Amino acid sequence: MSAVKRLVTEYRGLLTQPVPFGRIEPTDNPLQWKAYLNGPEGSPYEGGVFEIDLTFPAEYPMRVPDMEFKTKIFHANISTDGTVCSTLLTGWAPTDTVVTILQTLFILLAKPNRKSPYQGSSLTDNEYNAEARSSTQKYAKK
């Protein structure tokens, strides 16, 4: 199955069974999607909506798509340019889907890996959470 056919199938599935923590929008390019992820409750990202570009390779689902946060975010595992930590989906399998990606990103927002940080390595947990909350309120408006 080609990447485009697979993505059309996945998109139809998301239309009939949307995820409760975000949404997807296709673009004019079938290999480029926009994702909008809600900040998890109880996290410093709560109340925010984060725009993410998903760029699917022609080899999808054999290869994981590129992910880039377009909404500015302060997060230990997301660089200042929006690049997501490359080890995030190291266990990617061809049976994984866009929903897998969204769930993984949602969990990443809920539980950042502070031991492998792009940002906030010198901050205490309280300082980190305050900075993440402030950034969310400033940039990730609904």
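Hydrogens, waters and symmetry mates play no part in the numbers below; they use all other heavy atoms, side chains included. Computed from a predicted structure; not experimentally measured.
Nearest heavy atoms, Q119 versus I78: NE2-O, 2.7 Å. When all heavy atoms of G39 and S43 are compared, the pair lying nearest together is C-OG, 4.5 Å. Here the closest non-hydrogen pair linking R114 and G120 is NH2-O, 3.0 Å. Among all heavy-atom pairs drawn from A3 and A58, the shortest one is CB-O, 3.5 Å.
Counting heavy atoms from C-beta on, the side chains of L31 and L7 come closer than 4.5 Å. Within the 4.5 Å cutoff, the side chain of Y60 has heavy atoms near those of the E10 side chain. Within the 4.5 Å cutoff, side-chain heavy atoms of P40 are placed close to those of L109. Considering only heavy atoms from C-beta on, I73 stays 4.5 Å or farther from T136 through its side chain. By the 4.5 Å heavy-atom criterion applied to side chains, K34 and I52 are not counted as neighbours.
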Next on the checklist: For V19 and Q103: C-alpha separation, side-chain torsions, deciding distance, then whether side chain to side chain contact (heavy atoms under 4.5 Å, CB included) applies.
Outcome noted: CA-CA 9 Å; V19 294; Q103 288 172 327; 5.9 Å; no
Checklist entry - Do T80 and Y118 pass the side chain to side chain contact (heavy atoms under 4.5 Å, CB included) test, and can you show the C-alpha distance, the side-chain angles, and the key distance before you say yes or no? => result CA-CA 8 Å; T80 55; Y118 280 129; over 6 Å; no
Checklist entry - Would E68 and T55 satisfy side chain to side chain contact (heavy atoms under 4.5 Å, CB included), going step by step from the backbone distance to the final call? => result CA-CA 9 Å; E68 180 184 345; T55 304; over 6 Å; no
Item to check | Trace of the side chain to side chain contact (heavy atoms under 4.5 Å, CB included) decision for N77 with V84 | outcome: CA-CA 6 Å; N77 311 114; V84 178; over 6 Å; no
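Using modelled atom types, one side-chain atom of H75 and one backbone atom of L108 make a donor-acceptor pair closer than 3.5 Å. At distances below 3.5 Å, at least one donor-acceptor pair connects side-chain atoms of E46 with backbone N or O atoms of G42. Y45 places a side-chain N or O within 3.5 Å of a backbone atom of F74 that can act as its donor or acceptor partner. Looking at T104, its side chain does come within 3.5 Å of a backbone N or O of T100 through a donor-acceptor pair. For W92 (side chain) and P61 (main-chain N/O), a donor-acceptor pair under 3.5 Å exists by modelled atom type.
M67 and I107 are not part of a single hydrophobic cluster, where members link through side-chain heavy atoms under 4.5 Å apart. Under the 4.5 Å side-chain heavy-atom criterion for grouping Ile, Leu, Val, Met, Phe, Trp and Tyr, L14 is connected to V8 within one hydrophobic cluster.
More than 12 heavy-atom neighbours from other residues, nucleotides or ligands sit within 6.0 angstrom of CD on E25.
Evaluation of the side chain to side chain donor-acceptor pair (under 3.5 Å) rule for Q137 yields no partner, not counting sequence neighbours. Remark: N126 pairs with no residue by the side chain to side chain donor-acceptor pair (under 3.5 Å) rule, at least two apart or across chains.
F50 and Y139 have their aromatic ring centers separated by at least 6.0 angstrom.
To the nearest 0.5 angstrom, Q32 atom CD is 9.0 Å from D66 atom CG.
The closest side-chain donor-acceptor pair between T71 and E51, if any, does not fall under 3.5 angstrom. Remark: the S79 side chain and the D81 side chain contain an N/O donor-acceptor pair separated by less than 3.5 Å.
A perpendicular orientation is assigned to the rings of W33 and Y11, their planes being inclined by more than 60° (bins at 30° and 60°).
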